[in-house]
Structure formats: C-alpha cells, structure tokens
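Before any comments, here is the structure.
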Amino acid sequence: MPVEAPYDDRLLHQRVVGGDESALGEVYDRLSSLIFGLALRVTRDRVIAEDITQEVFLVFWERPLAYDPERGTLRAWLATIAHRRAVDHVRAEERRRVSALGPRLFEREPDRLEDTVLASDEAKRVRQAVTSLPDGLREAVELAYFGGRTYRQVSEELGVPEGTAKSRIRLALRRLADALAEEEV
Amino acid sequence: MDPVERLYLDAMMEDPQVPARSLRPQLLAGARARRRPAAPTAAWAQPYAGRVAAMDALLTSAVDDDWSRVIVEGWTLQELVAHLAAKDGLLAAAVGAPVLGPPLGATDSMGRTSDVQAYERARSPEQTRRDWRAQADALCRHLADLPPTTPATMDGMEVPVRDHLLARCLETWIHTADAARTARLRLPDPVPDHIHPTADLCARLLPWTMLLSGMDGSGRTLHLTLTGAGGGEWQVPLGVEDARPGTPDAHITADVVAFCFLLGGRGEPAEFPAELAGDLALARDVLTAAPALSGP
C-alpha cells in the first residue's frame with residue numbers, strides 16, 4: 001500500500017528540485033548514517049559503502065524527479081537505491097571471483113525476471129528470519145510490521161510496558177539485520 | 001512499501017554506522033558538477049532561479065525521443081526551451097544584461113521566439129539546453145545588483161523588473177509542468193516562499209485581465225482567498241484606474257497553485273474549482289477573464 005511522505009520530505013524534495021544545495025546538505029545530515037549503515041551491512045567494506053552513500057545522494061540531487069513523495073518516504077526511496085547498489089556490488093565481486101576461476105562457470109542474465117525472483121526470495125528470507133526469532137521478539141515484530149500496530153498497541157496486546165515493547169522490536173530488528181547480512185555475503 | 005520490504009530495510013538499517021570521515025563537503029562539490037544549483041541572485045529573483053533549476057532537473061532526464069516530442073503550441077521540447085530562452089533574452093535586453101543566442105533582431109515575444117527557435121534547431125538539444133540555462137543564469141547574475149523596482153519595458157509593457165521576472169517565473173513553471181505531463185513525471189510545487197509572490201502577481205494582474213477581456217470591473221473589489229502553502233488573502237480593486245480596494249463585492253476561494261495556473265492559461269475558467277460568494281456574476285467574470293494575459 002502506498003504511503004505518502006511526510007511534509008518535511010515534501011519540502012526538502014521541493015527545495016532540491018528548485019536547485020537549493022543546502023537542502024541536499026540537510027538530507028545528507030539526516031539520512032547519511034542510515035544509508036551508510038545499510039551499504040556497510042551488505043558490502044562489509046567501508047570504502048565501498050562510502051562510495052555507495054555518495055552516489056545515492058548524488059542520484060537524488062541530479063534526478064530529483066525520479067523520487068515521488070506520493071509513493072513513499074525519502075528514507076525508504078534512498079534506502080532502496082542504496083540496497084540495490086550494494087547488492088549489485090556484492091554480485092559483481094562474486095562474478096569477478098568466479099570468473100577468475102573460469103569464465104563459463106558463472107553467467108547471469110540481468111533481466112527483470114531475476115529482480116522479481118530476487119524480490120520474492122528476499123521476502124521469503126525475511127519471513128524465515130522472522131519465524132526463527134524467539135517468541136517474544138517475533139510476536140512484537142509481527143504486530144508492529146504485519147499488524148501495523150504502534151508501540152503502545154503492541155505493549156497493550158502483549159501485556160508488557162511500552163518500553164519493553166520498544167526494546168523487543170529493536171532487539172528483533174538487530175537480530176534480523178544480523179541474520180540477513182549473514183546470508184547476503 | 002509492503003511490510004516485508006519495510007521490515008527488511010529497517011532491519012538492515014539497525015545500528016546505524018557513520019562513515020570514517022564526513023562525506024558532506026565532497027558530496028556538495030560532486031553535486032555541483034552533476035547538476036548546477038539555482039543561480040545565486042537577489043532574494044526577489046529567487047523564485048525564478050528556482051523554476052529554472054527545476055526545468056533543468058526535468059531536462060536532465062530527457063532522452064533523444066523526448067526532445068522531439070511536441071509539448072505545447074505545436075512546439076517540441078527543444079523549441080519550447082528555445083522559446084523560454086527567447087523571452088528571458090528579451091528581459092535581459094530590457095535591463096542591460098547580456099543577451100545570448102542569435103543577435104537581437106525582433107524585440108516582440110513571438111518574433112524573438114522564431115529567431116531563437118530557428119537558431120537552436122540547427123543545434124543539438126543539449127546545446128539548446130545549455131544556451132537557455134546560460135541566458136537564465138546571466139539574467140540572475142545581473143539582477144543580483146538591481147533594485148526590484150527598476151522600470152523595465154518588455155513586449156511594450158513598462159512595469160518594475162520584479163513583475164516581469166515573476167511572469168518569467170510563472171511561465172517557466174507552467175512550461176515545466178507541460179513537459180513533465182508529457183514525460184509522465186510528477187512535478188512538485190515550488191516552495192511556499194516562491195509560490196506566494198507569484199500568486200501575488202497573479203492577483204495584481206486581475207484588473208488587467210478584466211480590461212483585456214472587455215469587462216468593466218472599475219469601482220468593484222474582489223476578496224481573493226488562495227488556499228494551500230504559499231497562499232494568502234488579497235483585496236483586489238478590479239479597475240486598472242482604481243487607487244485602492246473598496247468593500248469587497250465578490251469573494252473567490254481557490255487553491256493557490258490552481259489559481260496561478262489559471263492565470264497562466266492552464267485550466268478551463270468555467271470548470272475552475274472555486275468557492276464563489278457575494279456578486280456571483282462578477283466572481284464568474286473574474287474567472288472567465290483570468291487567462292486573458294496568457295500567451296504561449
């Protein structure tokens with residue numbers, strides 16, 4: 001379901017479209033550590049992660065109309081680009097390693113179908129990772145993400161204090177991030 | 001984004017890390033090389049500089065086919081950009097800024113447009129884009145030191161340069177929206193600080209659109225409420241000779257962006273979404289007359 005971006009995102013986007021450099025600086029200040037963290041988790045290489053981070057923000061500056069605030073937050077859009085680039089990098093590295101052994105062993109068709117398969121593969125992996133969480137963490141994360149509940153509602157449904165609900169979700173996310181990153185490389 | 005995707009991204013972004021060194025200065029330097037920011041200029045000229053930067057952002061994504069696609073007035077994107085350059089050049093000439101492109105011959109909008117279009121047709125779209133941007137930026141640089149009240153004559157109209165420039169801002173905005181529609185891209189609105197002065201110009205043009213449409217609005221006053229970011233309220237005397245507004249005879253409430261576009265010739269006055277009150281016939285006359293000043 002499409003989620004509209006908040007007003008801040010819209011204003012930053014309007015400013016970037018209007019060629020306001022300081023708006024790009026603000027977007028960077030707000031989101032660079034998330035984007036860098038994401039790129040680093042996938043690539044495990046700080047230099048590459050820095051390059052990807054740079055590139056993601058440059059794409060937004062150069063082609064700001066590619067982002068549509070009607071279709072989601074800026075954070076999610078930038079994260080999607082960063083993730084795709086990071087995965088591309090890891091694949092290219094794999095390919096390079098494999099082709100050093102023998103070029104015919106590894107041929108990939110970079111087509112749409114693969115993206116679709118990948119997307120459903122990823123979804124499957126996320127679901128598996130969620131399933132393998134300890135019960136308390138799994139319930140919290142399922143309510144928050146698949147049930148669309150707020151922290152407060154999660155705490156009410158699980159009968160735990162709000163702070164506990166919050167920390168369970170955070171802990172679950174950290175476990176998931178580790179599990180997904182393990183498989184990624 | 002579906003929950004799995006959101007969960008995935010959130011999970012991947014847990015424990016945010018920071019790059020070893022700040023990439024910010026490097027990023028901004030790289031950004032300038034990829035796409036020129038809005039030209040530095042006087043505060044009152046920034047709405048125009050912003051619309052030029054937005055059009056340029058749209059043109060960044062244009063590929064070969066896009067340039068030869070007809071956008072409006074039977075003009076291709078390349079011809080439309082040449083048209084914008086032609087009119088910017090006329091304003092540049094009016095205020096003593098450099099005029100780029102072919103030597104200045106015709107000094108009316110359509111004549112200069114034909115000259116610049118003929119000149120640019122022999123060049124690549126990328127060159128046309130560069131010429132247009134160079135003309136706009138040269139104008140912005142020149143305006144940086146000019147008082148906004150400096151009288152300027154363009155197309156036979158003598159008004160303060162600020163109003164000519166806001167008209168250029170509106171036209172650049174509208175043509176960018178035309179091109180975006182053809183490219184199926186959603187163009188975000190300008191920031192509220194840029195919309196407001198543009199809407200103010202549109203409100204102040206109403207007595208002239210009435211006059212040009214042969215409707216006598218003299219002695220009557222419109223209360224105009226424009227809603228949305230950058231909007232506001234205006235008491236508009238509807239006769240060009242009226243010294244000041246009187247008690248409002250009619251009220252119009254409408255969306256600020258839609259209203260700017262109506263003045264810019266985009267939108268059907270009869271179907272224009274607005275709330276009318278008071279003298280309804282007068283309010284309808286105002287809307288009917290609104291596009292009177294819009295040209296290509």
Side-chain angles (χ1 to χ4, degrees), chain A residues 1-3 10-11 13-21 24-25 28-29 32-38 40-42 46 49-50 53-54 57-58 61-66 68-70 72 75-76 79-80 83 119 122-123 126-127 129-130 141 145-146 148 170 172-174 176-177 179-181, chain B residues 1-28 30-40 46-47 49-61 173 176 180 183 185-195 229:
Chain A
M1 211 182 67
V3 184
R10 287 170 180 271
L11 195 57
H13 183 227
Q14 290 171 326
R15 286 171 61 199
V16 166
V17 169
D20 179 350
E21 284 175 297
L24 178 65
Y28 174 84
D29 290 343
S32 61
S33 66
L34 288 170
I35 296 303
F36 176 75
L38 171 59
L40 185 61
R41 278 204 178 265
V42 178
R46 300 191 74 88
E50 286 181 2
T53 304
Q54 286 271 58
F57 288 98
L58 285 176
W61 172 255
E62 193 181 11
R63 299 181 182 276
L65 296 176
D68 182 352
E70 302 287 322
R75 177 178 182 270
T80 309
H83 182 243
E122 278 181 2
V126 175
R127 288 211 181 81
V130 171
V141 115
Y145 282 86
F146 302 102
R170 289 189 61 83
L173 285 174
R174 210 164 302 144
L176 286 173
L180 295 168
Chain B
M1 197 183 298
D2 74 21
V4 173
E5 195 179 348
R6 217 183 89 212
L7 179 57
Y8 184 76
L9 292 173
D10 281 353
M12 293 308 279
M13 291 199 278
E14 258 306 294
D15 268 344
Q17 302 249 6
V18 238
R21 62 209 154 80
S22 172
L23 308 172
R24 201 182 202 272
Q26 201 185 327
L27 171 71
L28 293 181
R32 287 190 154 239
R34 292 269 192 106
R35 173 184 164 224
R36 238 193 289 183
Q46 280 167 10
R51 283 311 88 201
V52 168
M55 179 59 149
D56 213 13
L58 182 85
L59 298 179
T60 299
S61 310
W173 179 13
T176 306
L185 285 170
R186 199 193 307 270
L187 179 73
D189 294 332
V191 294
D193 284 354
H194 292 180
I195 290 182

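Both the backbone and the side chain of Gln26(B) have a heavy atom closer than 4.5 Å to some heavy atom of chain A. For Val141(A), the part lying near chain B is the side chain, with the backbone staying farther off; criterion is any non-hydrogen pair under 4.5 Å. Only the side chain of Leu185(B) comes within contact range of chain A, with at least one heavy atom under 4.5 Å from a heavy atom of that chain. Looking at Leu40(A), only its side chain comes within 4.5 Å of chain B, counting heavy atoms on both sides.
A salt bridge is defined here as a Lys NZ or Arg NE, NH1 or NH2 lying under 4.0 Å from an Asp or Glu carboxylate O, and Asp10(B) with Arg75(A) meets this definition. A salt bridge links Arg10(A) to Glu70(A): one of the charged nitrogens lies within less than 4.0 Å of a carboxylate oxygen.
Interface summary for chain A: among Val191(B), Leu58(B), Val52(B), the most heavy-atom pairs under 4.5 angstrom belong to Val191(B). Between chain A and the options His194(B), Arg51(B), Arg186(B), Gln46(B), heavy-atom pairs under 4.5 Å are most frequent for Arg186(B). By number of non-hydrogen pairs under 4.5 angstrom with chain A, the leading residue of Leu28(B), Asp56(B), Leu187(B) is Leu28(B). Among Arg63(A), Glu62(A), His13(A), the residue with the largest count of heavy-atom pairs under 4.5 Å with chain B is Glu62(A).
Remark: Asp29(A) pairs with Arg24(B) by the side-chain contact (heavy atoms from CB on, under 4.5 Å) rule, at least two apart or across chains.
Between Asp20(A) and Trp61(A), the shortest heavy-atom contact is O-CZ3, 3.7 Å.
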Review point. Does the pair Ile35(A) and Tyr28(A) meet the rule for a side chain to side chain contact (heavy atoms under 4.5 Å, CB included), with working shown?
Key: CA-CA 9 Å; Ile35(A) 296 303; Tyr28(A) 174 84; over 6 Å; no
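The neighbour count for Arg34(B) CZ, taken as heavy atoms of other residues, nucleotides or ligands under 6.0 Å away, is above 12.
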